[in-house]
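Scroll down for the structure; my scribbles are underneath it.
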Amino acid sequence: MKVKPLGERVLLKKEEAEEKTASGIILTGNAKEAPQWAIVEAVGPGTEEVKMEVKKGNKVLYSKYAGTEVKLDGEEFILISQKDILAIVE
């Protein structure tokens, strides 16, 4: 299924939570903290007031409670406004 965001919205593919800590402790489902970064899958055209600054393939850091979670073809995505993206991770 293909999704094309409208306006200044961005479709992000959620990354999986870490399975174990840096010291090697394996985390159970409840102990895993969802990451606040994702990969840009699709970008809307923007508006006259808002120029789009992200592009497909960017790894971004986003606000914790922003966006709408959606499930497409068995994968989890977030549809988010560009203003809720905090940074591009390089």
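The CG atom of L79 sits 6.0 Å away from the OG1 atom of T68 when rounded to the nearest 0.5 Å. Between the NZ atom of K64 and the CG atom of L86 there is a distance of 12.5 Å, given to the nearest 0.5 Å. Here OG of S63 is found 9.5 Å from CD1 of I85. Values are rounded to the nearest 0.5 Å. The distance from the CG atom of L12 to the CZ atom of F77 is 10.0 Å, given to the nearest 0.5 Å.
Residues I78 and I88 share a hydrophobic cluster, clusters being chains of Ile/Leu/Val/Met/Phe/Trp/Tyr side chains in contact below 4.5 Å.
Residues meeting the salt bridge (Lys or Arg N to Asp or Glu O under 4.0 Å) test with E90, sequence neighbours left out: none.
Identified under the salt bridge (charged side-chain N to carboxylate O under 4.0 Å, His left out) test for residues 76-87, with sequence neighbours left out: K14-E76.
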Contacts under 3.5 angstrom, residues 1-11 side chains, donor-acceptor by atom type, not counting sequence neighbours:
unit_1: E8; atom_1: OE1; unit_2: S81; atom_2: OG; d: 2.8
unit_1: E8; atom_1: OE1; unit_2: Q82; atom_2: N; d: 3.2
unit_1: E8; atom_1: OE2; unit_2: S81; atom_2: OG; d: 2.7

Can you give me every donor-acceptor pair (side chain of residues 40-57, partner residue at least two apart or in another chain, under 3.5 Å) with its distance?
unit_1: T47; atom_1: OG1; unit_2: E49; atom_2: N; d: 3.3
unit_1: T47; atom_1: OG1; unit_2: V50; atom_2: N; d: 3.0

